[in-house]
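One structure is given below, encoded as structure tokens.
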Amino acid sequence: MKLTIIGCTGSFAGPDSPASCYLVSGEDAGGRVWRVLLDMGNGALGVLQRHIDLHQIDAVLVSHLHPDHCIDLAGLHVAVKWDPRGWDGPRIPLWAPEGADRYLASTHGLPADPGMHGEFDFHAWRPERPVRIGPFTVTPYLVEHPTPEPYALRIDYDGVMGPSTLAYSGDTDACEGLVRAARDADVFLCEAAYHEGRDDALRGIHLTGRRAGEAARDAGARKLLLTHLPVWNSPTRAVEEAEAVFAGPIGVAEPAYTYRVVRRTPPRTGRAGGAAAAGAAGQGAG
């Protein structure tokens, strides 16, 4: 399984990256490559086309209905509906919280029926009910964020080179659902929008680097990849906060990088090399 960072800036697009959007790809037993998107925040649609043709999207998985995680689906709707060459594929399967069809229709002032049902095949998440998409099994876990039905997503891959697991926090504060989603994950892609000592009064919204590290530790995750850092956050500080509590390798998501998600041994007890150890996991996007 491969994870390509389309966008990773927190809360709104930054000068170097769109908001949240991640491309997950992997081969099935027959050699077919499947491509699914985790979220599609503002700015993602344009950058995504540097990596794949839009016709190659097999599914979109939305963690929650905030613009920095889903608003560019409104643009994808236009690309599907109005391409004068025609759209030669089926409707794009879209898993999201209940009401996503009405939310997206409102972005164009459309009635909910038919809304965007001609372009997307909408499915509502059900907590902890797995969904199978090609070689991926996706399980949503309810987490803590101020919006109806926020989810962390666990992606289990049954690949030709063996199984592996990617966990994605979506947006959340520390909670049991987050730890359950990340249990024994090979890569835990986790938000760290806040800093310790600066945002302590803000709870129930986002994680700090330390709280992300604590979730990774409690879940037994093998690698922590911090993401959703706003432009005013220090990546170094986020990593240092996580290193204080998590023993495994730690990195910060980099736009346009592709990371291999492979089965690794559990982290050692005590502090590890952190950011330095994480560097070997990344490779140039392609």
Side-chain angles (χ1 to χ4, degrees), residues 1-8 13 18-26 32-83 87-108 110 114-126 129-141 147-157 166-171 181 189 227-228:
M1 177 164 45
K2 293 181 179 180
L3 168 67
T4 300
I5 310 300
I6 305 301
C8 56
S20 296
C21 184
Y22 310 93
L23 172 63
V24 178
S25 58
R32 180 198 191 288
V33 177
W34 290 73
R35 300 172 178 87
V36 301
L37 295 174
L38 308 181
D39 285 340
M40 203 165 182
N42 41 313
L45 181 60
V47 173
L48 175 64
Q49 293 171 80
R50 301 174 190 170
H51 297 269
I52 62 170
D53 187 281
L54 297 180
H55 292 80
Q56 294 178 304
I57 300 171
D58 289 300
V60 182
L61 316 178
V62 177
S63 64
H64 65 288
L65 297 178
H66 276 164
D68 61 316
H69 290 258
C70 68
I71 200 64
D72 265 26
L73 287 167
L76 182 58
H77 147 80
V78 172
V80 175
K81 183 176 180 65
W82 297 109
D83 188 337
W87 185 263
D88 58 6
R91 292 181 299 161
I92 298 174
L94 194 159
W95 275 265
E98 190 75 48
D101 56 344
R102 297 187 299 275
Y103 179 96
L104 290 172
S106 71
T107 65
H108 282 266
L110 299 172
M116 298 184 182
H117 284 269
E119 294 70 54
F120 299 119
D121 183 12
F122 287 93
H123 303 270
W125 293 122
R126 295 292 178 259
R129 183 179 296 179
V131 171
R132 184 76 177 182
I133 305 168
F136 306 111
T137 300
V138 184
T139 307
Y141 290 80
T147 184
E149 289 191 54
Y151 289 100
L153 302 177
R154 179 184 181 89
I155 301 96
D156 291 301
Y157 172 59
L166 169 69
Y168 171 48
S169 66
D171 281 3
L189 179 65
T227 191
H228 200 275

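Bear in mind that the values here come from a model prediction, so they are computed numbers and not experimental data.
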task: Inspect the surroundings of CZ in Arg132 and state if more than 12 heavy atoms from other residues, nucleotides or ligands are less than 6.0 Å away.
output: yes
query: So, is the end of the Arg32 side chain (NZ or CZ) under 6.0 Å from the ring centre of Trp34 and within 45° of the ring's axis?
result: yes
task: Return the minimal non-hydrogen interatomic distance between Phe136 and Met1, and the atom names on each side.
output: CE2-SD, 3.8 Å
- prompt: Where do His228 and His69 land on the side chain to side chain contact (heavy atoms under 4.5 Å, CB included) test, with the steps shown first?
  reply: CA-CA 10 Å; His228 200 275; His69 290 258; 3.4 Å; yes
- request: Any chance you could measure Leu38, atom CG, to Ser169, atom OG, to the nearest 0.5 Å?
  value: 10.5 Å
task: Kindly compute the distance separating CE (Met116) from CG (Leu110), expressed to the nearest 0.5 Å.
output: 5.5 Å
query: Between Arg126 and Glu149, is there a salt bridge with N-O shorter than 4.0 Å?
result: no
field: Pro148 side chain near Glu98 side chain, heavy-atom distance below 4.5 Å
entry: no
task: Can you label the angle between the Trp95 ring and the His123 ring as parallel, tilted or perpendicular, going by 30° and 60°?
output: parallel
message: Which label fits Phe120 and His77: parallel for a plane angle under 30°, tilted from 30 to 60°, or perpendicular past 60°?
response: tilted
task: Assess whether side chain to side chain contact (heavy atoms under 4.5 Å, CB included) is satisfied between Tyr22 and Thr227, documenting all intermediate values.
output: CA-CA 11 Å; Tyr22 310 93; Thr227 191; 2.7 Å; yes
- prompt: After noting the C-alpha distance and the side-chain angles of His66 and Asp171, does the key distance pass the side-chain hydrogen bond (donor to acceptor under 3.5 Å, both in side chains) rule?
  reply: CA-CA 10 Å; His66 276 164; Asp171 281 3; 5.0 Å; no
query: Is the closest side-chain heavy-atom distance between Val131 and Leu61 below 4.5 Å?
result: no
statement: Nearest heavy-atom contact between Gly41 and Cys21 is N-CB, 4.4 Å
query: What distance do Glu119 atom CD and Leu73 atom CG have between them, rounded to the nearest 0.5 Å?
result: 11.5 Å
field: Student check: side-chain heavy atoms of Leu48 and Met40 closer than 4.5 Å
entry: yes
- line: Tightest non-hydrogen contact, residues Pro97 and Ser63, listed as CG-O, 4.0 Å
Which atom of Leu45 lies closest to which atom of Leu76, heavy atoms considered: CD2-N, 3.6 Å
- prompt: Short question: side chain of Trp125, backbone of Val62 - any donor-acceptor pair under 3.5 Å?
  reply: yes
field: Asp68 (side chain) donor-acceptor with Ala19 (main chain) under 3.5 angstrom
entry: no
query: Do you know the tightest heavy-atom contact between Ser25 and Val33?
result: CB-CG1, 4.4 Å
Would you tabulate the side-chain donor-acceptor contacts of residues 100-107 under 3.5 Å, counting partners in other chains and residues two or more places apart, or write 'none'?
{"unit_1": "Asp101", "atom_1": "OD2", "unit_2": "His117", "atom_2": "NE2", "d": "3.0"}
{"unit_1": "Ser106", "atom_1": "OG", "unit_2": "Tyr103", "atom_2": "O", "d": "2.5"}
{"unit_1": "Thr107", "atom_1": "OG1", "unit_2": "Leu104", "atom_2": "O", "d": "2.6"}

field: Distance, nearest 0.5 Å, that separates CG of Leu189 from CG of Leu166
entry: 6.0 Å
Polar side-chain atom of His108 near backbone of Ala74 as donor-acceptor pair, under 3.5 Å: yes
- prompt: Just by distance, do the side chain of Arg91 and the backbone of Pro93 share a donor-acceptor pair under 3.5 Å?
  reply: no
Spatial distance of atom CG (Asp39) from atom CG (Leu153) [nearest 0.5 Å]: 7.5 Å
query: Cut-off 3.5 Å, side chains only: do His55 and Asp53 have a donor facing an acceptor?
result: yes
field: Sidechain-backbone polar pair: Asp72 side chain, Ala44 backbone, donor-acceptor under 3.5 Å
entry: yes
- prompt: Does any non-hydrogen side-chain atom of Tyr168 lie less than 4.5 Å from one of Val24?
  reply: no
